[in-house]
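Below is one structure, written out as structure tokens; comments come after it.
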Amino acid sequence: MRTIGVLCGGFLLHLVFLASIFDIYFKTPIVSGILSKPNPVPGPAKRLVFIVADGLRADSFYSNDKSKSTPFLRNKLENHASWGVSHTRVPTESRPGIVALAAGIYEDPSAVFKGWKENPVEFDSLFNQSRLTWAWGSPDIVHMFKQGNVKTMSYSPDDEDFSGKEASWKLDKWVFEHVKLLFDDAIGNPELNDKLHSDKLVFFLHLLGLDTAGHTVKPVSKTYQTNLKYVDRGIQLIEQLFEEFFNDGKTSYVFTADHGMTNWGSHGAGSKEETEVPLLAWGAGIKGPSRAEPWDPVSPDNWQLSDLKRHDVDQADIVVLLASLIGCSIPVNSVGRLPLPFLDLPVRDLAKLSFLNAKQLLAQANRKREILQRGSLSWLYRPYWKLTSEEAQIREKLINQFINSQKYDKAIQLSEDLSDLSIHALRYYHNYYQGLLLTVVSLSFLGWIVWLLCQLNIPYRAGQTILLLGMGRHGRLINKVFLALTCLAFILIQVQGLEWQFNVYCLLPLLLWWSVFSTIDLWSYNFISTGRLWNCLIFSAILLLFIEIMVAAFFQRWVLSVGVLFLSLWPILGTEKTALISPSLMFSWLFSCAILAIFPLLPVIGSESNVRLVVFSGFVWVGSLTFTMSVLQRNISMYQTVTLLLPLLFALWIVQSVTTSLAAKAGLPFVYQCASWLYLVFSWVEASTGEKAVPKRLLRLHLSIVPLYMLLCVRHEALFLLALCFHLLCWFLIEAQLNGISFYQLMRVEFPHITEEQSAKRKLSFEDFRRAALFVFYIFLSFFGTGNIASLNSFEVVWVRCFLSVFSPFTMMILILLKTFIPFVLVTCVFRAINITIKAPTKSMFMAVLIISDLMGLHFLYLVTNEGSWLDIGTSISHYVIVQVTVLALVLLYGIASVITGAHVPNINFKVRGRICRLWGDGVSHHEDIVVKLF
């Protein structure tokens, strides 16, 4: 019960640590209670055609060698339009990009947990500020803006097929055709015709075809260029439709994208290909092209646009441009800046629009300041000194004077300065409690780590710890001090009306450190009086070095290769029992380290697929498992071997057949799709069958899980898994030999039932800490061994080709996590096998694992940033989340490993199942002498 309490407490604690970065760095940008500012300038356009090509990166659109795909838009760019590059933010996904374009805000991070499909909070947007909006496109996008004045139309989610069976441009064709249907209906519908001739209208076209084509056939393919050409032709027809229907020159056209895409067809991270998208605007109120200046942004040579002036913007700036074109209010929570170079308006109107933008940003800063000031104690509150309320009023009055006196250039300059200050003030108040939260969460991390160390070193039974509270020399004083601090913290939180989570963040470190100091007499005696202090300091230095190596591996995968090579020397240099290891096993260990060290040096999985390599890997697995079965099974026949390997062989057939079908654009065969989902269910049931003998149960686990993993492979992952499993086998055998366990004894060691497992009563040794560190190393090696999974763009839609053909973000995410999860399970099962074989103190070893992981988590907490390049921001978030989620997963993984290896599923009563189960007999096969030689 004590261990369960520690694990449950640790699980909840790490949920707090995981959630903390969103409160520290990434709180919702939306502030309620702000009134919209009326636009004082009549829009130069009565209507806006806003076209978003999903997944179109700037380079794919502007490159001259692809200009033949977009002759209409290229002509607009060179002769009629203003153009530039829009810089997006991470995560480079569809919903956050569309929200930034339509509302001027960078998505609330809590939307991650809703798949970016629902609004986690209500926000103002261009669409509800307009008089009427018509929106066509993907149901995931257009319906999130559906309300009274926004009419949304979408195709079925089942039409978003990435199997290649249907041409991706058909999604865009649907949009173009339904826009035309609207105008066809207006001919015989006077009410609709009157609405179409009113002002402040928005026509929003979301084109998903390019994103689907990029995922399916990559952005450099001919199919992608065909889709891009269709988009160009469709936009030409849309412009012709609008100009013929209205014929008044009052239509503005803006073409952009929500995010880009890598060469291998993925997005989500912060690379240049994903964060730079095209922006092209023409029509009413838009300037035409102009000559480039030396100080303008430099375009790549292959664009052949160096002679034309380029205007770069942040993605949130676009909504301010759109609102200015049709004369509606800027969305109240927008953080965008007015891109003046795009507008062809009198300087007087530009000055008024700049002032409107400044006042809209200032209103947000003032509202943030009011909320903080109202709840803070006067002696604790610290305003943003560069823009106090008095300073803001003076600046507003001065800008008004300049506009009234027709000094428009000065008014524009002062408005831009006020906008800058407002954004800085908004950021200051948004992060007002960042320092406090970072401090208390860090103290919680340290308190938890120290508390775990105390539990490892208290020489009394765990149940006595609570009884000892307050009995030390300083117990009463410690209790009084921490009680006073707790009361003070609680009162300050309540008086200032802070959010409820501040109670958790501020009181948690007090509770943890109170638990630490309450046993100070015990653990200080154990460390100092017993003379172990010097050894502990040396060990701490080694542990911190290991932590730094693991942290470095998150940034450079080759560090893992170096780590594996250094690890190969451990049995030789790291123990006095090296002589117990047989030469054959030592050679196998060195060979496995050499092979495993190769994989972190290979290209990231996802850049391209290679089905032949997957099939080859599968047959290598077949050979390896066949040899292992011949060693562990008694008198096994060829027929029995093939029967056991049949699931793996059929999985390889599915992979090959599905790939061939998709390449022929015949879609995903339903039979193979059903078979893949059956693998997903029954693989885990099959893994829990068979004998409890440790070697045989581990073999059954591999026979059951590897076929499922094959269905999710695209390149050399299966070879990596084979190298990892071979290495883990060598580790398992070395640990057994170092503890004097022969192969015959090992064959008789059984996994206990999950309700019967008992931990050794001995104290944790440095060798146990070393095993825990190796376990953590193997977990992260399995995580990063085949790719930078910390980056969202490592994920590839083709991973799930055997399971899905229709875009389904949550289902795809679950399958991708499952692929990551499978190596974790295998590593954890081997770790449990080692603990049971050598009779290690499992509870204490798990605490050691938590200590190592939390030291890494504390390091990454200070590497998280919300400033700098979007690549840096996205990477810092993903690293911290990976560490925290991994710690949470380790708690669950060990329980899952206990179920898989300790449970026993009764045999299913049908002929084939019975035949397979009868293969698992007792005793040792006559082939065991092959493995015995390793000893």
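Basis for what follows: all heavy atoms, side chains included, without hydrogens, waters or symmetry-related copies. Everything numeric in this text was worked out from a predicted model, so none of it was measured. One is the number of the first residue; the rest follow in order along the sequence.
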Over 12 non-hydrogen atoms of neighbours within 6.0 angstrom of CH2 in Trp677: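 For Trp677, atom CH2 is crowded (more than 12 foreign heavy atoms under 6.0 Å).
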Atom CZ of Phe591 with >12 non-hydrogen neighbours under 6.0 angstrom: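 For Phe591, atom CZ is not crowded (no more than 12 foreign heavy atoms under 6.0 Å).
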Worked verdict on Leu724 versus Leu826 for side chain to side chain contact (heavy atoms under 4.5 Å, CB included): CA-CA 9 Å; Leu724 178 65; Leu826 297 177; over 6 Å; no
Step-by-step side chain to side chain contact (heavy atoms under 4.5 Å, CB included) determination, Phe619 to Leu649: CA-CA 8 Å; Phe619 282 107; Leu649 295 171; 4.2 Å; yes
Between Tyr672 and Trp653, a side-chain donor and acceptor under 3.5 Å: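 Yes, a side-chain donor-acceptor pair sits under 3.5 Å.
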Using modelled atom types and a 3.5 Å cut-off, is there a donor and acceptor pairing between side-chain atoms of [X] and backbone atoms of [Y]?
X: Ser592; Y: His727; value: no
X: Asp854; Y: Gly857; value: no
X: Ser661; Y: Leu668; value: no
X: Gln673; Y: Phe803; value: yes

If you look at every heavy atom in [X] and [Y], which pair is closest and at what distance?
X: Leu721; Y: Trp621; result: C-CZ2, 3.8 Å
X: Ser617; Y: Leu719; result: OG-CG, 3.1 Å
X: Trp684; Y: Leu680; result: CD1-O, 3.1 Å
X: Leu703; Y: Leu625; result: CD2-CD1, 3.7 Å
X: Leu746; Y: Ile741; result: N-CG2, 3.9 Å
X: Phe726; Y: Ser588; result: CE2-O, 3.9 Å

With a 4.5 Å heavy-atom cut-off, do [X] and [Y] have their side chains touching?
X: Ser683; Y: Tyr709; answer: no
X: Leu781; Y: Tyr778; answer: yes
X: Thr828; Y: Ile779; answer: yes
X: Met856; Y: Phe554; answer: yes

Criterion side chain to side chain contact (heavy atoms under 4.5 Å, CB included) on Arg801 and Leu662, from CA distance to verdict: CA-CA 9 Å; Arg801 65 194 181 283; Leu662 296 180; 3.7 Å; yes
Between [X] and [Y], how do the two ring planes meet: parallel, tilted or perpendicular, split at 30° and 60°?
X: Phe831; Y: Trp731; result: parallel
X: His716; Y: Phe599; result: tilted
X: Phe780; Y: Phe784; result: parallel
X: His14; Y: Phe17; result: perpendicular

Once you round to the nearest 0.5 Å, how far does [atom1] of [X] lie from [atom2] of [Y]?
X: Leu722; Y: Ser624; atom1: CG; atom2: OG; result: 4.5 Å
X: Leu567; Y: Cys593; atom1: CG; atom2: SG; result: 5.5 Å
X: Cys713; Y: Lys819; atom1: SG; atom2: NZ; result: 5.5 Å
X: Arg557; Y: Phe783; atom1: CZ; atom2: CZ; result: 12.5 Å
X: Leu708; Y: Tyr679; atom1: CG; atom2: OH; result: 9.5 Å
X: Leu733; Y: Ser584; atom1: CG; atom2: OG; result: 11.5 Å

Stepwise side chain to side chain contact (heavy atoms under 4.5 Å, CB included) check, Phe775 with Val830: CA-CA 9 Å; Phe775 173 58; Val830 172; over 6 Å; no
